[in-house]
Protein chains: 4
Amino acid sequence: MSAADTPQADPPPRGRPRSKELDASILSATLELAAEVGINGMSMDDLAQRAGVSKASIYRRWPSKELLVIDALRSAMGPLDAVDTGDVGGDLRSILGDLVARFSSKERMNDVLPHLIEVSTHDPALRVELEAYTQLRRVPIRASLERGVARGEVSPDADLDTLIDALLGPIIYRRLLTGGPIDTAFIERLMALVVPGR
Amino acid sequence: MSAADTPQADPPPRGRPRSKELDASILSATLELAAEVGINGMSMDDLAQRAGVSKASIYRRWPSKELLVIDALRSAMGPLDAVDTGDVGGDLRSILGDLVARFSSKERMNDVLPHLIEVSTHDPALRVELEAYTQLRRVPIRASLERGVARGEVSPDADLDTLIDALLGPIIYRRLLTGGPIDTAFIERLMALVVPGR
Amino acid sequence: MSAADTPQADPPPRGRPRSKELDASILSATLELAAEVGINGMSMDDLAQRAGVSKASIYRRWPSKELLVIDALRSAMGPLDAVDTGDVGGDLRSILGDLVARFSSKERMNDVLPHLIEVSTHDPALRVELEAYTQLRRVPIRASLERGVARGEVSPDADLDTLIDALLGPIIYRRLLTGGPIDTAFIERLMALVVPGR
Amino acid sequence: MSAADTPQADPPPRGRPRSKELDASILSATLELAAEVGINGMSMDDLAQRAGVSKASIYRRWPSKELLVIDALRSAMGPLDAVDTGDVGGDLRSILGDLVARFSSKERMNDVLPHLIEVSTHDPALRVELEAYTQLRRVPIRASLERGVARGEVSPDADLDTLIDALLGPIIYRRLLTGGPIDTAFIERLMALVVPGR
DNA sequence: GATTAACCGAGACGGTACGTCACGTCTTTAA
DNA sequence: TTAAAGACGTGACGTACCGTCTCGGTTAATC
């Protein structure tokens, strides 16, 4: 099913086409700057200069700073590598371990999530994007758990959504609120509680 | 023998003392305005006007909007009413139920937490306050769980901290990220997973 | 050979050019407001509003209120109408009479000169502008005196600069310090003293 | 005629009398500070601290910054030493020479006069004080000229007021507006014009 | 000697203006 | 039509100063 068979095909583009190089340049400058000075300290003027681009060219592509940041995030994430170690315990240790590694890195990028959450409070469009992004991160865990159900490692009447919440929620909670340590020991205790015996 | 036999007697206050009425007036105006227009939409000028106070009088007391908001929050919270229904299940249903009610209310106050999290990213002082506030909210749950251990309802070798994280984390996670429903059904599923049989 | 064969061709202007309408709007609003409430009572916010312009647009053009006022003054002055009645006495009566009329008008604009003098005390840039403006006002008198020398009405070894000082100085002095009357009678007495017989 | 026979004699002072030391301390601190940072750069808070005095004690004595400054000026001036060299030319050279010396000194105090002029524009009380101060400075010149009239050095039908204006005005004018040199050469040229032969 | 009224230092207070900054839009010339 | 450059409106920021007010405490003259 091709993209072109929508009833109202876009008219053939007129005028100078948008440069794809600018797209890339803006996105990477965003990642750089946000990492350096934090998302709040990054002004759109500075960003434009860093990217060697005019502000208008940015706003022609993204309607707001935050939607740009979320796209930059997505572009940086790359395709989620499907994890399949053969048992649920291994899968989760791998996936959650990645998360631990990411959070323990000292990058300033750490303030991106808080910022997006805050802005999405008054920006429904961003809220939609943020929730989509959040769901994306749940996919591999869900896949692993479903394989676990098939293999009999996970009870067939478990509520997988709640299970995922119970795995990711405490990590996020520590990250955003308590400031408690997020390490492999914590992951083990958490799994002992939520998926005992795995 | 002087009246102030504390080891470190602070010097007697000099000059005109700060008006306690202004303290109160500012704090309550903060709660009102933040609830009405959100913490981001609340400008310090508007706040000063609403409180019937000059901006300087606010900045004399709090170095930033956020520290002020945290104080306002604390002032509004009052002493946490100790919950003790006699069993852990009842306690948790009561405490988490309160949380559910708070989150489902439609007040604009809902953006306070996201905002504080975001700002505390670049403000260590605020971060300290926020974590202190967070710990405060954990106290009643911990007390209940400890009574549960004493009564034999909770395993004595359970890691209470992780347990609390596993109860609060998923709720916060839904609130801030997935946008999933936070209701009694969710609480029940969560408890079934984390404190089975309660 | 390029179109701009001035030795120092400035680079072609880039970006959106400054609106000349805003220039005009700001200058005329400055004259209006300064006349109404005095230069000290004129806040930059009020001025911006009156001109229908943002404060930033003002500060983009002028670094301070006073340089703006000086420019406004210059813009309002227009080309000095050359006075030539045929004899020095007539010229001076015309020129100084204009000054008298200006000072006796009850406009608030009267505080402009005092204000500019005061501020130029700590602002060398403004000082330069003020002296340039002052010199401008001397030009017609000097021209008239030079014609008088040519016609033999004024002694050829008179020091014209001192002569001008002796004509303008007492008027300014009364205006700024003694508060004494500045009228045609005073002008006559002054001329009888400084340019006797004219 | 004593000060006490006004119909409503001041009641005998009750309570603690004002400290005369504070008067002196405030006045001298005013002269110091105004000389150092200029009258505009001198804040009343700084002044109070420099004088080792509370702001209230200043405002108890003077109703505004400017009236204080004018008093400080008067206190610094001391009694005008009567000049009498025996002829008008000598007197004027002495008196105007003093003025030249004062203006050529590099003290920051130089901005006092401009500031007072400017503020007196919107402050009638200050205006009165300023004009009184101005008249004070004219007294010795007038006295000298009157002696000159008696001695036949000055024409008996000269208008002394205009004469004084013509002597002081150009000096003030250069000082405040043109920035031209104020030196003995200028004084000589001026006198040659206004009091020829002296 | 007690009272009293004005003094004093310290610093809080309302009001007002300041000059700066960032966002997202608009307007120009050039490609 | 896109691009670079930068002007523009809007609106908030945190600071500074003025002149007033409010504390606790001090000093003389009066009772």
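Every chain is numbered from 1 and lettered A, B, ... according to where its sequence line falls, protein lines coming before strand lines.
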| field | side-chain contact (heavy atoms from CB on, under 4.5 Å) involving D:Asp46 - partner list, sequence neighbours excluded | value | D:Leu33, D:Ser43
| Looking at A:Ser57, does any N or O in its side chain come under 4.0 Å of the phosphate oxygens OP1/OP2 on F:dA4? | yes
| request: Check every strand shown and say whether D:Gly41 touches a base, only sugar-phosphate, or nothing at a heavy-atom separation below 4.0 Å. | output: nothing
| 5′-ward residue of the pair B:Gly52/D:Ser19 relative to DNA chain E | D:Ser19
| said: Rounded to whole Å, how long is the line connecting atom CG of B:Leu33 with atom P of F:dA12? | reply: 12 Å
| Integer-rounded Å distance: E:dG9 P and D:Ile58 CD1 | 9 Å
| request: Please identify each residue that fulfils salt bridge (charged side-chain N to carboxylate O under 4.0 Å, His left out) with D:Lys55, with sequence neighbours left out. | output: D:Asp45
| Whole angstrom value for the distance that separates P of E:dA17 from CG of C:Asp46 | 6 Å
| field | Distance, rounded to the nearest Å, where C:Arg61 contributes CZ and E:dG19 contributes P | value | 17 Å
| said: Could you work out, with salt bridge (charged side-chain N to carboxylate O under 4.0 Å, His left out) as the rule, every residue matching C:Glu66, not counting sequence neighbours? | reply: none
| query | Under 3.5 Å, is there a donor-acceptor pair between the side chain of A:Ser120 and the main chain of A:Leu116? | reply | yes
| query | Taking NZ, NE, NH1 and NH2 as the nitrogens, is one of them in B:Lys20 or B:Asp23 under 4.0 Å from a carboxylate oxygen of the other? | reply | no
| Just how far, in rounded Å, is C1' of F:dC8 from CD of C:Gln49? | 17 Å
| message | In this structure, how many angstroms lie between the C1' atom of F:dT2 and the NZ atom of A:Lys20, rounded? | response | 15 Å
| field | Between P of F:dA5 and CZ of C:Arg18, the distance in whole Å | value | 17 Å
| Taking only residues two or more places apart in sequence or in another chain, which ones pass side-chain contact (heavy atoms from CB on, under 4.5 Å) with B:Ala56? | B:Ser54, B:Arg60
| remark: In B/S/- notation (B base, S sugar-phosphate only, - none; protein heavy atoms under 4.0 Å), nucleotides 23-28 of chain E written 5' to 3' is SBBBBB
| How close or far is atom C1' of F:dG6 from atom CG of A:Leu47, stated in whole angstroms? | 16 Å
| request: Using salt bridge (charged side-chain N to carboxylate O under 4.0 Å, His left out) as the criterion, list what pairs up with B:Arg18, not counting sequence neighbours. | output: none
